[in-house]
Every structure is written in C-alpha cells, then in structure tokens.
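Structure first, commentary second.
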Amino acid sequence: MSKPSKQSLLDKITAACKRRGFIFPSSEIYGGINGFWDFGPAGAQLKRNVRDLWWDTLVGNGHTGPDNEKFDIVGLDAAIIMNNKVWEASGHTTSFSDPMVDCRKCKQRFRADMLPETKCTEGGEHDYTDVRDFNLMFKTHVGPVQDDDSTAYLRPETAQAIFVQFQNVLTVSRTKVPFGIAQMGKAFRNEINPRNYIFRSREFEQMELEFFVKPGTEDSWLHWWLNKRMEWYVALGIKPDNLSIEWHPQDKLAHYAKACADIMYAFPFGVQELEGIASRTDFDLKAHAEHSGKISPYFDTETNQKYYPYVVEPSAGLDRTILAILCDAYCEESLTNAKGQTETRTVFRFHPKVAPVTVAVFPLLRNRPELIEKAEQVFADLRPHFRVQWDDRGNIGKRYRYQDELGTPYCVTIDFDTIGAGETPDNANTVTVRDRDTMEQVRIPVPEVTSYLKQCMNI
Ligand code: GAP
C-alpha cells in the first residue's frame, strides 16, 4: 500500500471523488462557479454520516465533564438570514474582513497574506496596490425593494444565532450552567481566493457548539473540549499521526478571544486548520445584551451570583472534515492480476461509521432469476442494519474495484454455490464476504451474514 506523491495526491483525490460521485464542481455544465461545490450521491451520504455523528455525540442530556460535572447540550436550527443588527453587535459589519490587494497589470485580486508564488499572467512580477480591507459577508436584499434598508447578509458563521437565542433557549431548556447549544448548517463567506478544493469555499457547513460556563472555569473547559474534539476525529477513523494542535499566540487572537487552539490536519497541501476551539469570554452575550437590551445576566442558583456566562466554542467545518476523511482514507495499491500484469487499485479506506455504503450485494449474474431472487433476499436481510448497495453490472472483479473506490468495507456475492447449484454442495446457503482492505474472501452461512458483518465492522 502506498500514498502517491504529495503534489499529485489532491488531484488524484479530486478525480476519484468526481468518478465515484462524492464531489462535483457546482454548475459544471455552465463552466462552474469558483468556490462552490456539489456533493453527489456518495458525498451527500458521507456528509450526512459525519453530520449525524457530530450531532449524536454532542446533543443530549447527562454528559460528564471535568471533575465529573454533569451537563446538557441542546440543539438549535436558526435562520441563515438575520436582522442586520446581529452583525453590527457582533462586529462582523465593521471587522469581518480579510486584507486584499489588486495586481495593476493582470487585474486579479489576492488575499494580502496569501500572495501567489506564480508570476503575473501579463509577464514579470505582480504590481500590487496598497492593502485594503475586504468584508467577507455576502450581501442580499430582503423583500421587493433594493435599498440600504433592505440589505441583509448571509450568515458567515452559525455561532451568532446561538448567542442571539441564548435567553429563549435557556428559558425553555430547564438547564443550568454549564451547558451547551449546538448548531450546524450552511455559512457563507465571499473568500477572496477560494482554494485547495473544498478546503476554502464560499459556501460551506459549520458544526458549532457554544458552551456556556461559569467565569473562572473556562480554562479547564477549553482543555477538556480540545481533548474531546481530538477524540472525535480519531473515532471517525482519521489517523492520530495526521492530527495536531496549534495554539494561537496571544498577539494573533481574534478580538473576542482570550485563548484559542486549532485542531490541525496534515492535508496534501500542508498542515491546516480543521477546527478552532476558542475561549470567547462573555464578549458575545454582553455585546448582544448591550445592543438589544434583551439578554439578562444569568442567575446562578448555587452561588446566588449574577453573571454573563463565559463561552468555550469548538467550531468545526463539515467540508474540511470531509476533505480530511477523504485524504486520510485514500490509497493506491499495486497488484498483480491473473494475467501477471501490474495494476493499480484505488481504495478509500473509510471507517465503516462514515462509509457511504457499508455493504454491497452482488448476484454473480444478472440474467439468472434464481441468483437474483436469492440476492434480493440477502439484500432485504441486510438493509435494516447497513447502508446497502445492489450491483449486478459487469464482472465481479470490476464490481470489487468500483466498491473499493467508493470505500465500501464489505461485498457479499451470491453465486451458484449459494443456491445449491455449484460444485461444492457444502457451500449451499452460504455467500462470499469480501473484505475491502485485505481482499480476503470467506464463506458465511446466509442466516449469519448480518451478525458476521456487524462483528467485523464493530457496529
Ligand atoms: N464561530 C467561529 C468561527 O466561525 P472560524 O475559524 O472562522 O471560526 C470555524 O471557522 C471553522 O469553519 C474552521 O475551522 C473551518 O473548519 C470552517 N471554515 C471557515 N471558513 C471556511 C471556508 N471558507 N471554507 C470551508 N470551511 C471553512
């Protein structure tokens, strides 16, 4: 097993993702649109699996934190477009910007802190203007009149709605500090230079938790959440060696943060941020309390104190998590086929928890009703337990290769032995189960296939 060279790895993953229906360029038939991507059948399922794992891991009652402290996390699904005052209070209207320069010669626009290494397309070096700030929020208008009063923004992060709804959620949840509010959903940033496939896009999904704690306890919660979030990525099947933690230096912290650590992943284009875990103090709640006049301090019944809770925020990107999973799982193997020729097998070695398909069912031949009938029975048995795909096209070797590239952990083949018409009568009512990673095949009695596969996949 080998990983291709780093330069070509992302191109190969991109090509495999297109071939197997994970990711397509948005509006491709019209030439695409920079910074936007569509997730095809396999990608949509992969995304859904990761999304569900995030939500199910976090949202619920009775979690246990540091010092065995019990806490709850509740969910929220807020609107993408909010009152403009939200963005004024949060500081996004004035300061959610990146430094930008233009090249006077080629007229291209670049992020000033990410200048290209390539020469100007008009020849020689780029001729840059002075640096200016570029606000990243996408503007739109609400209602039929397009003027300043109707201007609205697509949310650049999911977090703010959580702060804005803090009072309502606290009232209905019958919970107490420490507790969390989790939200996932689309966010939009008019990035100056979208790049590195789905790593930096203009439309993406965030999975954010705002965790409200008693002031003074935020440091231990920050470290606790950092560990928990690292464990989550490992549980998705990402190799721990590819993950690392990077603390922000004090002079590089965002204006609202007292401390921040990023969980980093070794992408083919370098070690980059997957998730940020910030200690946001009471900045946001106080800002919205001041601007709206509607958020009261929290009353702590244990200490009889009133305060605005401090916030620890694990903020993850779904698309970046998907890219990390794809990069981590992708591998190429050189195999010698039956004719003695060398061929390359491309495999996504996904953890069964996230694999879009967990079991593929193959009737050996599609034109033999007795095989199809038996395969349909096996398919129906497996369907309630796994994400099952039916495939009856082409020879079995090709079907295996297809499923390898889709990342399917197991394939089940129904052959003549299964229906008692093969050369080995002892194999009647058994199927072949083939393991994606070892490529080994074993015969398993039909009534035991479900339990066998559950055991193999540990699910
Ligand atoms: N509420 C805090 C916040 O939004 P952020 O570091 O700007 O913090 C959090 O974003 C996460 O969202 C990042 O770690 C990343 O995973 C994801 N993210 C941010 N910008 C992105 C982009 N342009 N494309 C894809 N994912 C992005």
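One-based numbering, in listed order, for ligands and for the atoms of each.
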Return the set of residues passing side-chain hydrogen bond (donor to acceptor under 3.5 Å, both in side chains) with H126 (not counting sequence neighbours), or none when no residue passes.
-> none
Sequence neighbours excluded, which residues qualify as side chain to side chain contact (heavy atoms under 4.5 Å, CB included) partners of F299?
-> T301, N304, K306
Is the closest side-chain heavy-atom distance between I73 and H63 below 4.5 Å?
-> yes
Present, as a list of atom pairs with distances to 0.1 Å, all nitrogen or oxygen contacts under 3.5 Å between ligand 1 and the protein.
residue, atom, partner, partner atom, Å
ligand 1, 1 (N), E157, OE1, 2.7
ligand 1, 1 (N), E208, OE2, 2.5
ligand 1, 1 (N), E313, OE2, 2.9
ligand 1, 4 (O), E157, OE1, 3.4
ligand 1, 4 (O), R189, NH2, 3.0
ligand 1, 4 (O), Q206, NE2, 3.0
ligand 1, 6 (O), E273, OE2, 3.2
ligand 1, 7 (O), R189, NH1, 2.8
ligand 1, 7 (O), R189, NH2, 3.0
ligand 1, 10 (O), Q206, NE2, 3.3
ligand 1, 12 (O), Q206, NE2, 3.3
ligand 1, 14 (O), E273, OE2, 2.5
ligand 1, 14 (O), L274, O, 3.4
ligand 1, 16 (O), L274, O, 2.9
ligand 1, 16 (O), G317, N, 3.0
ligand 1, 20 (N), R189, NH1, 3.4
ligand 1, 23 (N), E191, OE2, 2.8
ligand 1, 23 (N), S201, O, 2.8
ligand 1, 24 (N), F199, O, 3.3
ligand 1, 24 (N), S201, N, 3.0

Only counting residues at least two apart or in another chain, list the ones meeting side chain to side chain contact (heavy atoms under 4.5 Å, CB included) with S279.
-> E218, L222, K258, A259
Aromatic ring pairing F283/Y256, orientation class (parallel under 30°, perpendicular over 60°, tilted between) = tilted
Among F179, W224, F212, find the residue that satisfies the ring-ring contact (aromatic ring centres under 6.0 Å, His included) test when tested with F71.
-> W224
